[in-house]
A.B. asks: 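Can you read through this structure? Questions will come right after.
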Amino acid sequence: MAKSRAEADHVEQEEPEEPSENGFVREFDHQEEESERSDAVGSSEDEGSSGEGEKDGEDDEEIHQSAEESDSSEDEVAPRNTIGEVPLEWYKDEEHIGFDITGKKISKQARKDKIDSFLAGVDDSKNWRKIYDEYNDEEVELTKEEIRIIRRLLKGRTPHAEVDPYAPYVDWFDWEDKGHPLSNAPEPKRRFIPSKWEQKKVVQYVRAIRKGLIKFDKPKEEPRFYLLWGDDSSVAENKRHGLSYIPAPKPKLAGHEESYNPSIEYIPTQEEMNSYQLMYEEDRPKYIPRRYESLRSVPAYENSLKEGFDRCLDLYLCPRTRKKRINIDPESLKPKLPSKKDLKPYPLTCYLEYRGHSGPVNSISIEVSGQWIASGSTDGTVRLWEVETGRCLRVWDVGEAVQHLAWNPLPELPILAVSAGHKVHLLNTGLGDAEEKMRIKELLHVEEVLTDDAGNSVAAVSWVQHEKHDGITLEHLKTVSTVEWHRKGDYFSTVMPSGDSRAVLIHQLSKKHTANPIKKLRAPAVSAVFHPTRPFFFVSTKKNVRVYDLSKNKLIKKLDPGLREVSSIAIHPGGDNVIVGSKEGKMCWFDMDLSSQPYKRLPAHPKDITNVAFHRSYPLFASCSDDCTAYVFHGMVYSDLNQNPLIVPLEILHGHTSSNGRGVLDCKFHPRQPWLFTAGADSVIKLYCH
Amino acid sequence: MPKHYRPPGKKKEGNAAKYITRTKAVHHLQVSLPTFRKLCILKGIFPREPKKKVEGNHKTYYHTKDIAFVAHDPLVEKFRDIRAHKRKVKKALARKNRELADRLLNRQPTYKLDRLILERYPAFVDALRDLDDCLTMVHLFAALPAVGGERIQVERIHNCRRLSHEWQAYISQTHSLRKTFISVKGIYYQAEVEGQKITWLTPHALQQVLTDDVDFNVMLTFLEFYEALLGFVNFKLYHSINVKYPPLLDPQLEALAAGRYSDSWLLLVFLELYALCRYVSAAPERQLGDSQAISSSENEQSEDKKVDAQTDESDLRLAQLQHQLPANEPGTLMHLVEDATGADDEDNETKECKNLFKKFKFFLSREVPRESLLFIIPAFGGVVSWEGDGSPFKESDEDITHQIVDRPTQGHMFLSREYVQPQWIYDCVNARTILPTEAYLVGRVPPAHLSPFVDNEAEGYVPEYAETIKRLQDAASKQVLPMPGIESGDLDDPQNLLAEGIIDRTEASEAAEKKRKLAMLEKQYHDELNMELQGITYSASLSNKNLQSSVEDVQEDAPADPEQMEKDTRDLSMVAMSRKKRRLYEAMQISKERKKANVNILKERKKKAEASKKE
């Protein structure tokens, strides 16, 4: 009740204040005002105390009255604004703030600007007491007394110090049972005996404390850091247990371009910057170098937190494996080969050139004695040269482009087998002494009857006497690609790649007989070679090399080079090793004793290999290719079966020029000397000597 | 039947048994994924790359042994305890049982990482080897704003700051800093501790922004481990130089430091170190002094001293600090440093580093990165002061030889000192010589700042300024060690000279050429002498020689140009290589080509820049 009274008092006190503080009042002297106020309070209190003897209900009212009285007595000026409790923003845009009691507009005061008001505030020491009254549009200065009241209110006390809120209660009323309490029930027992449950709980706590389950004091702090690694002397203990630890790779250290002031060449030019924009997001460089003139102009790096986080992710999310990083000199990868000097002699430099053909020289062949060389060209001529002088001895015109030619391996039978188109010519070269010439003439004579008889559809080949030159012509059904002699000089084989079941034929010169021992090949035949010592016959198809035993007439081996297209084959004079050249520029060395897979693949040429050749006596072999080079290799085959052949590349022979996309078309070794002949598409034959 | 089909009743084997996916690992450990992450980070478990990914290519695989290793760790149980404890507190609060909640909060389960650190790094060297990331992270967090209410607790940032300063104090004190580099990302430092090269990055001393695209939980877990690791490492390092860890600082000064200047903290650490070092280094000398006395009594004595020292330690330190702070003569400071480490035997590099700035006295203007320079200059033996409170000497000190300034113009200049930009310090440190200051003076654009971490020779491109520095280094080394007989054309052994670092590689090759020519001339001379002895006339010998040479000409004519020869030999060796080696060789060639292309770009840019400069 006291509180409500105080509140009421306060309200009554406050309200009249507002109108009283207008422009005039502010003019009043401070002291004067205060005295007036104290008077007012005094009077109200006087009245309050005088009314105490009367009815209690009137108490409040009286104070009201007194306050009102005091207010009315105090200010004659009515409240300025009469708009009532309406939102002030209705008048926001108006010139006036409302209407006075006479209904006239009250115009707004001129606004002081901020600086002026601030300066005025600074100068005026009482500024803190001033409050702007929005309703009446004026500044109100609170008096000291009012401040005091506000302070008391803030502290939650009665506004006036004189009021005693705890005055003894006086019961003014009388009723019948005034002498009895409200309830006469006796005090319950539980109010004055200790609680059983509380006691149980206490016992529980006590036990828990005794047992150490509840501890009240904070655990003692141990020193956080101590000497974790004692002495590192015991190495065995210092091993990390468990799986092998793979340390994370260290972040890359900064290079020159990351400097705040990199040298000028590390900064990309404007064009390069523009080109970065055209790149894909992931190809774009992560960091673009920039140059700052001085250290103070370097800004904070905005990605440092992000990069730190990325590093964290790398550390715990990236799978780690141990990868061997090879940090070796690439030169050390090259195999240690025996020095070339030890492997001499081998063809090294171009010694002679044989010129005369007008078209690409398709094939060459050297006579067994090594004195003569025959060459066949696409211009339709076969030429016979003397090796040492380079003199052209004889020219045959066979009419068609010569595909292949071969000398009879017998020195006493200087017969040349030439394949040109569908025909194979056996030419009498006219070398040797008179007796030999006679024998050859006899040998190269065919009766016409025989061919007529065989001229039916079954015969694949017809033996005809050559009209122009003395010799025999074997007319085949299809184009003949190669001709090879048997070592004894009686048999020779021809290969027709498109001949299907009659692709490979074996002819006997003495009997003028043709046989077709191989019926089935599965792939187009490329060439066929006789084994140098045994009755074996090698037929290379585009896919593989088939080895036949001619005496038993069956296939005994299939060599699988694993190449795209076989182009040529050569057999080591020992007979156990075979090299196969392919159109993808690779060469395979087969050791027949080892397996049907190649012992070694030599990726020598960038272009097609046209031919491969073994030397008859020296451990040399060569390959020639369309890239205008010929490679010479050292290929040593040991008689010891446990030792694998030694293959060493020796020399690359240049010299031919490319024509029509073809380079060197054939290569052959000299039978005695370590010399190599090459026939080029530029219609030149070259002799390379050691 | 699929290849990896396993008949029932047969055990898993191979990759299927060795590796499990992350999901399975989490299920196996019966923890939540965040806890699993935390465990992996703390234990240092990382996924591994199985040879065959049995469960799919896009999954992460852990080794089963790794997971078993985690499963046996007490930390798993501890994390479960913490989780249960949190729930208890929550429950107590929900029941408004404030008392219980308080009591529970008072005794939160905690864990320590010392065991884990020892497990991961059984030897101290292992820890040092892995310290790069740790230091970078701690320095990064030390640079973050220590603002309450952010995602990172303020205490942790302060802890990081303290740890990083302790580390820097150690490095600086032992002169083991080797390389520095100002990059755009921050400043790189490389130190060598116990033979391990440790590189770390400190961000520039500017306000860092906390971005939203990072997961602070992960980073803070890492930081938790790193803080512990660095604490133990620092302890060990301080122990090795006989300094108590953690260094006790005077609370008053510390408060001052924490309140106003973050970097005077560093100074305090230094001063603390100096004081402690002096104290510590004095102790063994004293012991040595009266070595005749009985060892036990001596021990007692020293212990007594120690106890004494500890009792009035703070007083003593305060006195020392106060003594040093205002009237800090450079001589005494240097003396302190000498006292501290001079007695130990040191390797040459440390000596070199220690004496680099020995003769100089630096003064830092207020705009230079003070923290970094306060770390570097003492590490290389210099004396340093700065503008501001607590500086050992004022700007007007006559003995100052260099003032580090980073402003466009300098108003008042003392004639007795040089005004250089901060880059000069960093370049000097990297070059290990005192570079001429002309290029670095106030207001000039300094020469390019080059990275010390790049091997220019291996990279194939040497920037211009690197060559200049090299020349200066050579000059300096010559000046220091004048070697007899270099100038007199002693070109017998260019390799040896190379080893001595006098001439670079090209010069060496030139020298070799020269030598060969000399040898040829000599041989000719000898031949002529012989001929003369044999009585052959000069004209005859000439003709003879001509003949020989003609024969040689014929022989030498045959092989074509050397380029062709080279190509041939390369092709030949390629033929003889096995396929695997050939592929490797080709790959190497490709990488070589790429490197060359990069270098070519640089050269091109350089040429263009020079051309435009001339115009």
Side-chain angles (χ1 to χ4, degrees), chain A residues 214-215 218-219 224-229 232 237-240 242-243 247 250 253-256 258-266 269 290 293-296 298-302 304-306 308-309 311-312 315-317 319-321 326 330 333-335 337 349 602-604 648-649 652 654, chain B residues 40-41 46-49 63 65-66 69 106 114 118 122-124 132 137 140 181-186 188 199 203-204 206 208 211 213-214 218-219 222 231-232 235-236 239 367 406 422 445 448-451 453-454 463 465 558 568 571-573 575-577 581 584-585 588 602 605-606 609:
Chain A
I214 296 176
K215 286 173 191 158
K218 269 202 151 184
R224 275 186 71 200
F225 302 116
Y226 57 94
L227 192 60
L228 189 62
W229 297 278
D232 284 353
E237 273 181 32
N238 288 341
K239 281 264 173 65
R240 201 189 147 98
L243 273 181
K250 296 200 166 175
L253 289 174
H256 292 317
E258 273 190 40
S259 166
Y260 87 99
N261 179 16
S263 46
I264 198 94
E265 61 265 29
Y266 286 97
T269 57
R290 265 197 70 185
E293 294 284 293
S294 60
L295 188 53
R296 66 177 181 277
V298 180
Y301 184 60
E302 72 268 22
S304 51
L305 208 59
K306 180 84 174 78
F309 178 59
R311 176 71 185 166
C312 287
L315 285 178
Y316 91 95
L317 281 182
R320 295 186 202 167
T321 39
I326 300 166
L333 287 173
K334 292 176 179 172
L337 298 174
T349 54
L602 302 164
V648 181
I652 303 175
H654 299 270
Chain B
C40 283
I41 291 168
F46 44 86
R48 289 177 195 251
E49 192 86 349
H63 203 284
K65 277 191 182 171
D66 275 339
F69 187 48
N106 222 6
D114 49 352
L118 198 59
F124 183 53
D132 286 17
M137 187 81 149
L140 172 64
F181 176 55
I182 316 172
S183 83
V184 171
K185 294 178 180 175
Y188 283 89
T199 317
H204 288 298
L206 293 160
Q208 293 290 330
T211 44
D213 51 356
V214 300
V218 170
M219 284 190 100
F222 267 102
F232 282 108
F235 191 101
K236 169 85 181 174
H239 182 82
E367 70 277 0
D406 191 10
V445 176
H449 183 53
L450 299 171
S451 167
F453 306 119
V454 180
Y465 193 58
D568 281 2
D571 285 355
L572 278 179
S573 52
V575 167
M577 268 188 241
K581 279 191 175 169
L584 192 63
Y585 184 82
M588 280 174 170
L602 289 180
R605 277 186 200 154
K606 173 98 184 167

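Since we're looking at a predicted model, the values are computed, not measured. Quick note on labels: first sequence line is chain A, next is B, and so on, each numbered from 1. All values below come from the heavy atoms of this structure, side chains included, with hydrogens, waters and symmetry mates left out.
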A.B. asks: State, to 0.1 Å, how close A:Ala254 and B:Ser451 come at their nearest heavy-atom pair, and which atoms those are.
C.D. replies: O-OG, 2.7 Å

A.B. asks: Considering only heavy atoms, which portion of A:Pro262 lies under 4.5 Å from any heavy atom of chain B: side chain, backbone, both, or neither?
C.D. replies: backbone

A.B. asks: Pick one of side chain, backbone, both or neither for B:Glu49, based on which atoms fall under 4.5 Å of a heavy atom in chain A.
C.D. replies: both

A.B. asks: Between B:Thr199 and chain A, with a heavy-atom cut-off of 4.5 Å, which part of the residue counts as in contact: side chain, backbone, both or neither?
C.D. replies: side chain

A.B. asks: Is there a side-chain contact between B:Pro463 and A:Glu265, using heavy atoms and a 4.5 Å cut-off?
C.D. replies: yes

A.B. asks: Can you tell if the side chain of A:Arg290 reaches within under 4.5 Å of the side chain of B:Val184, non-hydrogen atoms only?
C.D. replies: no

A.B. asks: A:Cys312 versus B:Met137: any side-chain heavy-atom pair under 4.5 Å?
C.D. replies: yes

A.B. asks: Pick one of side chain, backbone, both or neither for B:Val454, based on which atoms fall under 4.5 Å of a heavy atom in chain A.
C.D. replies: side chain

A.B. asks: Go through the atoms of B:Phe232 and report whether side chain, backbone, both or neither lie under 4.5 Å from a heavy atom of chain A.
C.D. replies: both

A.B. asks: Measure B:Leu140 against the heavy atoms of chain A and call it side chain, backbone, both or neither at under 4.5 Å.
C.D. replies: side chain

A.B. asks: Going by heavy atoms in the side chains, are A:Tyr226 and B:Asp114 under 4.5 Å from each other?
C.D. replies: yes

A.B. asks: Measure distances from A:Arg320 to the heavy atoms of chain B and classify the residue's part below 4.5 Å as side chain, backbone, both or neither.
C.D. replies: both

A.B. asks: Given a strict heavy-atom distance threshold of 4.5 Å, which part of B:Met588 is in contact with chain A: side chain, backbone, both, or neither?
C.D. replies: side chain

A.B. asks: Any donor-acceptor pair under 3.5 Å linking the side chain of A:His256 with the backbone of B:Leu450?
C.D. replies: no

A.B. asks: If you look at every heavy atom in A:Ala604 and B:Val575, which pair is closest and at what distance?
C.D. replies: CA-CG2, 3.6 Å

A.B. asks: Is the gap between the ring centers of B:His449 and B:Phe181 under 6.0 Å?
C.D. replies: yes

A.B. asks: Using non-hydrogen atoms and a 4.5 Å limit, figure out which bit of A:Leu295 sits close to chain B: side chain, backbone, both or neither.
C.D. replies: both

A.B. asks: Does any backbone or side-chain atom of B:Val218 lie under 4.5 Å from a heavy atom of chain A? Answer side chain, backbone, both or neither.
C.D. replies: side chain

A.B. asks: Quick one: what part of A:Leu315 sits under 4.5 Å from any heavy atom of chain B, side chain, backbone, both or neither?
C.D. replies: both

A.B. asks: According to salt bridge (Lys or Arg N to Asp or Glu O under 4.0 Å), who are the partners of A:Lys306, at least two apart in sequence or on a separate chain?
C.D. replies: A:Asp310

A.B. asks: Partners of A:Arg296 by salt bridge (Lys or Arg N to Asp or Glu O under 4.0 Å), sequence neighbours excluded?
C.D. replies: B:Asp406

A.B. asks: Is B:Asp132 close to chain A through its backbone or its side chain, or both, or neither, when contacts mean heavy atoms under 4.5 Å?
C.D. replies: side chain

A.B. asks: Can you tell me which of A:Ser294, A:Pro603, A:Gly308 forms the most heavy-atom pairs within a distance under 4.5 Å of chain B?
C.D. replies: A:Pro603

A.B. asks: As an exercise: rank B:Lys606, B:Arg48, B:Arg605 by heavy-atom pairs under 4.5 Å with chain A and give me the winner.
C.D. replies: B:Arg605

A.B. asks: Who among B:His63, B:Lys185, B:Lys65, B:Gln208 has the most heavy-atom pairs with chain A under 4.5 Å?
C.D. replies: B:Lys185

